[in-house]
Amino acid sequence: TLDNNHNKTTLRSSVPGPLVFSQPTKFANALFVPHIRDISHMKCVLQSEEALSSSSLFVHADITGASMNDHIVSTGGVSPTDFPPNRLVYSGHFHKPHFVQNQ
């Protein structure tokens with residue numbers, strides 16, 4: 001539950017319900033990026049001023065080196081180096097919680 005001391009309390013009180021973004025959108029100092037099939041377009045979004053000035057990114061993207069499950073690691077998609085440095089990135093494309101190092 002969210003109490004008055006939780007850092008998401010302000011977000012909870014300012015958002016009336018679920019938010020759906022159909023294009024890259026900056027919200028609450030985070031960049032939300034829906035699935036983009038064109039890798040070069042995705043790279044442009046990830047290197048945009050909006051991405052560079054965001055505290056974190058929420059993307060639906062295939063990321064090279066990310067675990068799809070316990071046995072399969074992605075070999076396609078965007079590279080971790082395509083993301084802005086020193087930002088947390090959350091990808092909805094993968095359902096196994098883990099970290100991928102930016103190398």
Side-chain angles (χ1 to χ4, degrees):
T1 63
L2 299 178
D3 60 16
N4 290 333
N5 296 323
H6 194 281
N7 65 353
K8 301 294 187 226
T9 302
T10 303
L11 181 61
R12 181 185 66 175
S13 63
S14 65
V15 178
L19 300 174
V20 177
F21 300 114
S22 57
Q23 60 188 6
T25 303
K26 191 164 182 180
F27 177 77
N29 202 31
L31 183 63
F32 292 81
V33 183
H35 184 66
I36 298 173
R37 287 191 185 276
D38 181 341
I39 299 296
S40 61
H41 182 208
M42 176 63 88
K43 288 180 180 183
C44 287
V45 169
L46 296 177
Q47 297 164 5
S48 69
E49 182 58 38
E50 289 83 5
L52 293 172
S53 65
S54 296
S55 61
S56 57
L57 289 84
F58 293 82
V59 301
H60 188 166
D62 189 4
I63 302 170
T64 305
S67 297
M68 296 180 162
N69 59 39
D70 288 336
H71 306 288
I72 299 174
V73 174
S74 175
T75 58
V78 294
S79 168
T81 60
D82 293 325
F83 290 88
N86 304 315
R87 303 292 188 288
L88 288 176
V89 176
Y90 304 91
S91 177
H93 197 71
F94 299 93
H95 302 275
K96 176 183 177 180
H98 64 288
F99 289 93
V100 176
Q101 296 298 318
N102 183 350
Q103 300 181 21

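- In this structure, Asp82 has no side chain to side chain donor-acceptor pair (under 3.5 Å) partners at least two apart in sequence or on a different chain.
- Under the 4.5 Å side-chain heavy-atom criterion for Ile, Leu, Val, Met, Phe, Trp and Tyr, Val78 and Val73 are members of distinct hydrophobic clusters.
- Here the straight-line distance linking atom CG of Leu46 with atom CD1 of Ile36 works out to 7.5 Å at 0.5 Å rounding.
- Residues passing the side chain to side chain donor-acceptor pair (under 3.5 Å) test with His35: none are found, sequence neighbours excluded.
- Contacts of Ser54 classified as side chain to side chain donor-acceptor pair (under 3.5 Å), with partners at least two apart in sequence or in another chain: none.
- Put simply, CZ on Phe58 and CZ on Phe32 are 5.0 Å apart, with the number rounded to the nearest 0.5 Å.
- Residues in residues 62-82 take part in no ring-ring contact (aromatic ring centres under 6.0 Å, His included) pair, two or more places apart or across chains.
- Under the rule for a side chain to side chain contact (heavy atoms under 4.5 Å, CB included), the partners of Ser48 that lie at least two apart in sequence or sit in another chain are Glu50, Ala51.
- Considering CG of Leu31 and CZ of Phe83, their distance stands at 10.5 Å, rounded to 0.5 Å.
- Nearest heavy atom pair, residue Ser55 against residue Arg87, reads O-CD, 3.6 Å.
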Checking side chain to side chain contact (heavy atoms under 4.5 Å, CB included) for the pair Val59/Val89: CA distance, chi angles, key distance, verdict?
-> CA-CA 7 Å; Val59 301; Val89 176; 4.0 Å; yes

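- No donor-acceptor pair closer than 3.5 Å links the side chain of Ser91 to the backbone N or O of His60.
- The line from CG of Asn86 to CG of Leu88 is 9.5 Å long, rounded to the nearest 0.5 Å.
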When the side chains of residues 37-45 are checked against the rest of the protein, which donor-acceptor pairs come out under 3.5 Å, sequence neighbours left out?
from  : atom 1 : to    : atom 2 : distance (Å)
Asp38 : OD1    : Ser40 : N      : 3.0
Asp38 : OD1    : Ser40 : OG     : 2.6
Asp38 : OD1    : His41 : N      : 3.3

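- Proximity of Ile63 to Pro80: side-chain heavy atoms (C-beta onward) are separated by under 4.5 Å at one or more points.
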Side-chain polar contacts of residues 19-26 - donor-acceptor pairs under 3.5 angstrom, sequence neighbours left out - could you list them?
from  : atom 1 : to    : atom 2 : distance (Å)
Thr25 : OG1    : Gln23 : O      : 2.8
Lys26 : NZ     : Ser53 : O      : 3.1
Lys26 : NZ     : Ser53 : OG     : 2.8

